[in-house]
2 protein chains.
Amino acid sequence: MNDAAPRPTLEAVAARAGVSRATVSRVVNGGDGVREPLVERVRRAVEELGYVPNQAARSLVTKRHHAVAVVVAEPESRVFADPFFALQLRGISKELTAQDNQLVLLLTEGRDDHTRVARYLAGGHVDGALVFSLHLDDPLPGLIQRAGVPTVFGGRPGWSDGTADVVYVDSDNRGGARDAVRHLLGLGRSRVAHITGALDQTSAVDRLDGYRDVMGDADPDLVAPGDFTPAGGERAMRELLDRCPGLDAVFAANDLTASGALRVLRERGRRVPEDVALIGFDDMLPVAEQTDPPLTTVRQDIEEMGRLMARLLLRGLDPSPAGPAGAAPAGAAPAGVVLPTTLVRRASA
Amino acid sequence: MNDAAPRPTLEAVAARAGVSRATVSRVVNGGDGVREPLVERVRRAVEELGYVPNQAARSLVTKRHHAVAVVVAEPESRVFADPFFALQLRGISKELTAQDNQLVLLLTEGRDDHTRVARYLAGGHVDGALVFSLHLDDPLPGLIQRAGVPTVFGGRPGWSDGTADVVYVDSDNRGGARDAVRHLLGLGRSRVAHITGALDQTSAVDRLDGYRDVMGDADPDLVAPGDFTPAGGERAMRELLDRCPGLDAVFAANDLTASGALRVLRERGRRVPEDVALIGFDDMLPVAEQTDPPLTTVRQDIEEMGRLMARLLLRGLDPSPAGPAGAAPAGAAPAGVVLPTTLVRRASA
DNA sequence: GACTCGGTTGAGAGCGCTCTCGTGGAGAGG
DNA sequence: CCTCTCCACGAGAGCGCTCTCAACCGAGTC
């Protein structure tokens, strides 16, 4: 249907500039060791011919692809369906393209995809991988780790409790949860309940831990299991209200959960925040800002998480600059980086 | 940090199986014209060595990359931040991987990125592109079109009013809008208002056109400009209520807009749907289901749109099967494919 | 039984690039 | 003025693969 003119090669540029292929190559790749007049001539030839290097040929010899895979496990799950992930992707993309790397997106669902992805990564088509997987029992991270591709994880993987040499970026779920609960206590509330997230995900576990850090072993009846969905929030809220009618505050594991809880609170005639203060997590805008009252919540800098993941990976790939005096000891990559969270006060608490 | 064993090459497999490189290549690529015993021997060698073809080397000679770029213009905009896009991406991904193609994600913002993307595409690193751009005046689609890469657009591009040979997939915004308005009329409402979307996007224009198809040139005061955001919806709703206190139904250009309108309606003491029936567009779940009352809205099969885009592109790339008796005349690609919408009845209308 | 023919296999030429060497010329040193 | 060094440049090998083409082999054919 199209397939027009064959794209110009190094050879063509060389001919036009009246130099050798090697010289053109040098110019194209930075131009060190080539005298100014020649550089200029080559540049012009490149320009005139509209030359663009053939990445395949280049990769063939350099073994670098300037491409990074972003693996998202189980996209039906929460990761993919909310703006959270879109933002992270944006951060990743920015950082990657800033360093002239491409982003290869790999979405998986189910076993078949696991092996497909593992093969692909092991196949050496990309220089590294950024992996998102929420579930503790997901075999994918393990497979990937074994594939021998440099990898950075988004969120703390379940099987790495600070031990192994796994590189990941996470936000401070535990600290954020503590802040939320403390805020509630600071408001003079004392019977603070918690609706957990899906506890097969580290973020949910960490948030629960944060709650416990502050509340100690308060009344265990004040904790009800949720699953990060509005429906789960409703269910848990009913349960809590039945069990502990006297509760005066709720910390929900995320904003979606909080929105469900909010509906039940209203239905049961509790005023928010007067009777019950409510606080969420994520600061998922379309939800947090649209509820009535708007949700007080814990925000994470999602885009920055993405950037950081990419930066970490790229740094690990590139055995070069080392900065002023060697920023970080060569082999010792930072195992996990945890980004701070901030409390966003709106009307619900 | 790692870089372990060099991966086995075709040569290695050939040696192990006691055949020539050519034969291994034939087997790896389908095995036609190779006798069974040999095929078996080669297969085993591949297995034992864990051989994975080097895609770079392959691309170098075949000029096919088995990779498709997905270009998303202006990710700050609505496209990227909502689940809409995530779903579309999922559809694309499924279709692409089913045919063993990779998905290279290109996010752009601003001029610099435009030229970067154009260069990348023109550079022949991918076999084709799927492009999302919402704004009528976006120069990117034009640039891409000129880059000579096979392209399918998501959503009807502004500059192609059915004329040019542009391939795109869109949902039936106009028809969906008509359905919505007719539904409202069917409910016995007569003063049906419309809050438009951002009119620099074809989807918004099409929805407005659909409204007009049914309402004729009703009272122009019944149309107020929005911008696809909740805030825009609030503003427009206030305007409408001031101008036409007697209105009894509102068709909002999308769910976000509807949620804003809903808030204003409640604030002004109008009951929904008793006093004013309200209907949205998109069926953006976290919004449409969470409002009070839940939103009646027009749904599009987003994931299918994605799949279809990918399928269209791939079909255009592959000059092969042609199906039973040549499904479609070779050169005559279907210019635009428009997917149907369905009305989802909830409580608001 | 010599000959042809369709089908299988191997040899070898590149695809476009990078990178190692070797060469030649300009400048420094004796 | 001649040698030694250093640096800019070109020649050429090869990255791992596909694909054309020639060689070969067994089965028909006359």
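Convention: sequence-line order gives letters A, B, ...; per-chain numbering from 1.
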Under the 3.5 angstrom rule, does the side chain of A:Arg156 hit a backbone N or O of A:Tyr168 as a donor-acceptor pair?
no

DNA chain D: 5'-most and 3'-most nucleotides touching chain B, 4.0 angstrom heavy-atom criterion
D:dG16 to D:dC19

Closest approach of A:Arg26 to A:Asp32 (non-hydrogen atoms, all atoms of both residues):
CD-O, 4.2 Å

Is there a donor-acceptor contact under 3.5 Å from the side chain of B:His65 to the main chain of B:Gln102?
no

Between B:Val166 and B:Pro157 the two heavy atoms that sit nearest each other are CG1-CG, 3.8 Å

Check B:Arg311 with B:Glu304, please: is the shortest side-chain N to carboxylate O separation under 4.0 Å?
yes

Give a yes or no on whether the backbone of B:Arg21 and the side-chain of B:Ser25 come within a donor-acceptor separation of less than 3.5 Å.
no

Just verifying a value: how many Å separate A:Leu308 CG and A:Glu95 CD, rounded to the nearest 0.5 Å?
8.5 Å

Yes or no on side-chain contact (heavy atoms from CB on, under 4.5 Å) for A:Leu105 and B:Ser93, after CA distance, side-chain angles and deciding distance?
CA-CA 8 Å; A:Leu105 189 63; B:Ser93 166; over 6 Å; no

From B:Thr108 atom OG1 to B:Asp138 atom CG, the distance as rounded to the nearest 0.5 Å:
7.0 Å

Stretch residues 22-37 of chain B: residues that reach within less than 4.0 Å of DNA chain D through a heavy atom
B:Ala22, B:Ser25, B:Asn29

Taking the side chain as everything from C-beta on, heavy atoms only, tell me whether A:Val19 gets closer than 4.5 Å to A:Val24.
yes

Positions of residues 45-56 of chain B (non-hydrogen atom under 4.0 Å from DNA chain D), listed by number:
B:Tyr51, B:Pro53, B:Asn54

Judged by each residue's nearest nucleotide on DNA chain C, which is more toward the 5′ side, B:Val61 or B:Ser20?
B:Ser20

Specify the residue among B:Ala57 and A:Leu38 whose closest nucleotide of DNA chain D lies further upstream toward the 5′ end.
A:Leu38

